[in-house]
Amino acid sequence: MVSLTFPDGSVREYDDGISGKDLASSISKSLSKKALAFSLDGDLMDLADPIPHDGQVAIITRNEPQALELIRHDTAHVMAQAVQELWPDTQVTIGPVIDDGFFYDFAREEPFSTDDLETIEAKMHEIIKLNAPFTKEVWSRDEAKAYFTEKGELFKVELIDAIPDDQELKIYKQGDWLDLCRGPHMVSTGQIGTGFKLLKVAGAYWRGDSNNPMLQRIYGTAWSSDKELKTHLHNLEEAEKRDHRRLGREMDLFHFQEEAPGSVFWHDKGWRLFQTLIAYMRRRQDENDYKEVNSPDMMDKGLWEKSGHWEKFGEHMFTTQTPDDRVYCCKPMNCPGHVQIFKNGLKSYRELPYKIAEFGKVHRYEPSGALHGMMRVRHFTQDDAHVFCTQDQITKECVELNQLILSIYKDFGFENVIIKYSDRPEKRVGSDEVWDKSEAALKKAVEAAGLTYELNPGEGAFYGPKLEYVLRDAIGRDWQCGTVQVDLNLPGRLGAFFIAPSGEKEHPVMIHRAMFGSLERFCGILIEHYAGRFPLWLAPTQVAVCTIVSEADNYAQDVMAKLRAAGLNPILDIRNEKINYKVREHSHAKVPVLFVLGGREAENGSVSIRRLGSKDQTVMAIDEAISALQEEATPPDMRT
RNA sequence: GCCGCUGUAGCUCAGUGGUAGAGCGCACCAUUGGUAAUGGUGAGGCCGGGAGUUCGAUUCUCCCCAGCGGCACCA
């Protein structure tokens with residue numbers, strides 16, 4: 001007998017060997033019709049599978065969240081079948097479920113075109129209509145290998161070889177087509193429905209390794225209903241509207257051009273936002289005892305060889321040869337420069353922790369295919385800092401840093417922050433003893449701060465383990481921004497030391513940290529997070545002063561002067577245009593506040609205020625309006 | 001870097017083997033209008049760069065550059 005606990009908490013006994021299907025039928029006929037699969041202790045299983053042991057059981061219908069996983073997986077299989085029916089010479093490889101959908105990688109001489117997607121979709125609808133049942137078989141290794149070898153499915157053969165010996169080889173059939181698959185699947189292809197769409201074709205390396213051949217990947221999205229599909233496609237369109245590259249152009253913040261791939265041309269408005277961020281960060285750093293410094297943009301290659309950067313990243317550095325035949329490297333990081341500043345003048349243990357910060361512009365020759373708007377550029381500004389301290393101080397410093405970082409993110413409306421801990425990578429400098437020490441110290445700091453974190457094995461920097469701070473934005477996308485890295489290697493390599501209480505020389509520990517990460521990227525993230533509608537303190541243009549009639553022009557000039565005197569950034573619009581036109585234009589430009597001035601306002605010293613995104617108008621005395629805005633435009637860290 | 005797609009006016013996009021068009025924007029003129037487009041006139045282009053095929057290329061072919069979507073990479 002098996003004892004099964006249902007979602008409502010009830011417990012019932014069943015005969016051994018009862019399948020999910022039998023279970024569903026025993027509950028109700030309609031449930032058994034709607035059932036796609038079942039779950040045991042949270043794990044999905046084929047409806048036809050016998051229930052192997054006691055546990056929490058649930059019948060999965062298409063209304064359960066878990067159904068999406070099944071629908072997407074099955075859609076991927078049907079897509080693979082469709083592709084092979086259309087182009088029999090195509091090899092199938094893998095086709096997993098991903099966020100919002102699935103993909104399947106194919107090996108084929110000729111790549112798919114976007115037109116092919118429609119053809120494939122049509123074929124998929126045919127296959128789904130046939131409503132062939134998914135059936136599972138367990139094959140022997142030899143049988144499977146012989147079958148796929150004979151079919152010319154060499155990638156599948158490679159997959160079979162990679163499956164551990166103690167694991168069963170499962171084959172799922174749908175009609176005449178079959179695939180090696182770990183399952184589970186729904187009952188039949190008809191259960192997929194019509195809520196899917198193929199989205200794009202792309203290249204992808206076999207097994208994610210750039211040494212391997214490139215396969216053709218087709219991405220699709222799948223949902224349990226047409227309505228959900230429609231909503232998803234609509235969300236994609238909305239996300240496109242917040243794209244920082246688009247908004248950057250529309251709002252006249254910055255541009256890119258061919259002559260400087262991966263480099264930002266900042267326009268005045270964008271630069272104002274950038275400077276607002278720096279001013280904010282400078283205040284936060286000042287109050288946390290950082291000293292701001294500035295190190296050279298170019299330094300002799302020899303220094304980069306000593307630091308280890310040349311060996312690890314030389315191919316990704318910009319270099320320049322001068323007439324005197326010296327080779328200089330544009331700095332890809334600020335740390336070696338900061339070490340020189342630390343080294344200049346003998347340091348005592350009494351000076352530690354020695355905290356220096358720089359808004360340094362770094363240069364990295366990123367691979368062309370990696371460039372992406374401001375999110376991945378070749379020249380960017382880091383809010384970089386280095387804390388030189390003793391090993392005993394690591395924990396305290398990391399705990400403080402953590403508090404600072406989280407409080408900064410909060411000021412930008414990011415409450416949802418994930419922390420990842422990355423330990424030693426394969427390519428690294430320093431002995432294992434040093435790594436043991438620095439990993440233990442950083443881990444202790446996270447634990448002391450009471451943080452929950454995810455483990456990211458092997459993803460640390462080449463000189464030390466790191467914490468990464470990942471923000472979740474307004475539409476649920478994750479962005480890795482801040483980082484804290486404990487480094488027991490570089491100070492030694494670059495000959496930095498301090499005089500310990502004993503009078504002996506000791507190498508300090510270096511904590512590398514960035515909070516925004518890249519200022520350029522952070523601007524891009526903010527643009528997308530706020531969809532261009534910045535809070536007043538960040539908005540490059542805060543108020544547009546618009547006149548209705550030219551009689552109000554002089555008054556508008558007075559209003560402008562008052563706004564400027566209050567530290568706000570207004571623009572004046574006294575053009576010979578109708579007020580409708582001006583409102584429309586400034587709304588498109590996402591100016592947060594409009595002051596509309598006509599004869600009435602000029603006469604009694606008031607302004608008619610319209611906020612971005614609202615049709616309401618509020619009439620207020622000018623001084624009252626300005627002091628309210630002044631209050632609102634105060635950066636969050638300066639509010640009382 | 002790899003696979004695929006794209007590149008025409010400031011922006012969004014039509015178009016053709018015989019050196020180009022729309023809307024918006026811009027300039028000028030008229031209009032002084034109360035909260036998301038007032039009307040008229042006009043200027044604006046080496047059709048991403050280079051080579052080839054051709055009597056002739058923005059259009060066809062090849063190479064390069066850049067952008068876009070992925071993959072790989074990300075100190």
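Keep in mind it's a predicted model, so treat the numbers as computed, not measured. Sequence lines set the chain letters: A, B, ... in the order given, protein chains first and strands last, and positions in each chain run from 1.
Residues satisfying the salt bridge (Lys or Arg N to Asp or Glu O under 4.0 Å) test with A/Glu238, not counting sequence neighbours, are A/Lys241. By the side chain to side chain contact (heavy atoms under 4.5 Å, CB included) test, A/Ala544 pairs with A/Cys546, A/Ile571, A/His586, A/Val591, A/Leu594, sequence neighbours left out. Scored by the side chain to side chain contact (heavy atoms under 4.5 Å, CB included) test, A/Ala260 finds A/Ser263, A/Phe265 as partners (sequence neighbours excluded). Legend: residues meeting side chain to side chain contact (heavy atoms under 4.5 Å, CB included) with A/Asp436, ordered by chain and number and at least two apart, are A/Arg424. Residues that satisfy the side chain to side chain contact (heavy atoms under 4.5 Å, CB included) test with A/Trp271, not counting sequence neighbours, are A/Trp266, A/Phe274, A/Gln275.
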Write out a two-atom table: protein N or O, nucleotide N or O from nucleotides 10-14 of chain B, distance below 3.5 Å.
{"from": "B/rU12", "atom 1": "OP1", "to": "A/Arg249", "atom 2": "NH2", "distance (Å)": "3.1"}

Please tabulate the protein-to-nucleotide N/O contacts below 3.5 Å involving nucleotides 71-75 of chain B, giving atom names and distances.
{"from": "B/rC71", "atom 1": "O4'", "to": "A/Gly203", "atom 2": "O", "distance (Å)": "3.1"}
{"from": "B/rC71", "atom 1": "O2'", "to": "A/Tyr205", "atom 2": "N", "distance (Å)": "3.0"}
{"from": "B/rC71", "atom 1": "N4", "to": "A/Gly369", "atom 2": "O", "distance (Å)": "3.3"}
{"from": "B/rA72", "atom 1": "O2'", "to": "A/Ser210", "atom 2": "OG", "distance (Å)": "3.2"}
{"from": "B/rC73", "atom 1": "O2", "to": "A/Arg376", "atom 2": "NH2", "distance (Å)": "2.7"}
{"from": "B/rC73", "atom 1": "N3", "to": "A/Arg376", "atom 2": "NH1", "distance (Å)": "2.9"}
{"from": "B/rC74", "atom 1": "O2", "to": "A/Arg376", "atom 2": "NE", "distance (Å)": "3.4"}
{"from": "B/rC74", "atom 1": "O2", "to": "A/Arg376", "atom 2": "NH1", "distance (Å)": "3.2"}
{"from": "B/rC74", "atom 1": "O2", "to": "A/Arg376", "atom 2": "NH2", "distance (Å)": "3.4"}
{"from": "B/rA75", "atom 1": "O3'", "to": "A/Tyr463", "atom 2": "OH", "distance (Å)": "3.4"}
{"from": "B/rA75", "atom 1": "O2'", "to": "A/Tyr463", "atom 2": "OH", "distance (Å)": "3.4"}

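Consecutive Watson-Crick or G-U pairing (both distances under 3.5 Å) extending over three or more pairs maps onto RNA chain B as B:1-7 with B:65-71, B:10-13 with B:21-24, B:26-30 with B:38-42, B:48-52 with B:60-64.
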Distance-only criterion, 3.5 Å: show the donor-acceptor pairs between side-chain atoms of residues 596-606 of chain A and protein atoms not counting sequence neighbours.
{"from": "A/Glu601", "atom 1": "OE1", "to": "A/Gly598", "atom 2": "N", "distance (Å)": "2.9"}
{"from": "A/Asn604", "atom 1": "OD1", "to": "A/Ser606", "atom 2": "N", "distance (Å)": "3.4"}
{"from": "A/Asn604", "atom 1": "OD1", "to": "A/Ser606", "atom 2": "OG", "distance (Å)": "2.7"}

Validation: residues 309-316 of chain A side-chain donor-acceptor distances under 3.5 Å, sequence neighbours left out:
{"from": "A/His309", "atom 1": "ND1", "to": "A/Ser307", "atom 2": "OG", "distance (Å)": "2.6"}
{"from": "A/His316", "atom 1": "ND1", "to": "A/Tyr365", "atom 2": "O", "distance (Å)": "3.1"}

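A/Arg245 comes within 4.0 angstrom of sugar-phosphate atoms only, judged by non-hydrogen atoms across all strands, and of no base.
Sorted by first and then second residue, the side-chain hydrogen bond (donor to acceptor under 3.5 Å, both in side chains) pairs involving residues 541-551 of chain A (not counting sequence neighbours) are A/Thr547-A/Lys582.
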Protein heavy-atom contacts under 4.0 Å, written 5' to 3' over nucleotides 40-49 of chain B as B (base), S (sugar-phosphate only) or - (none), form the string ----------
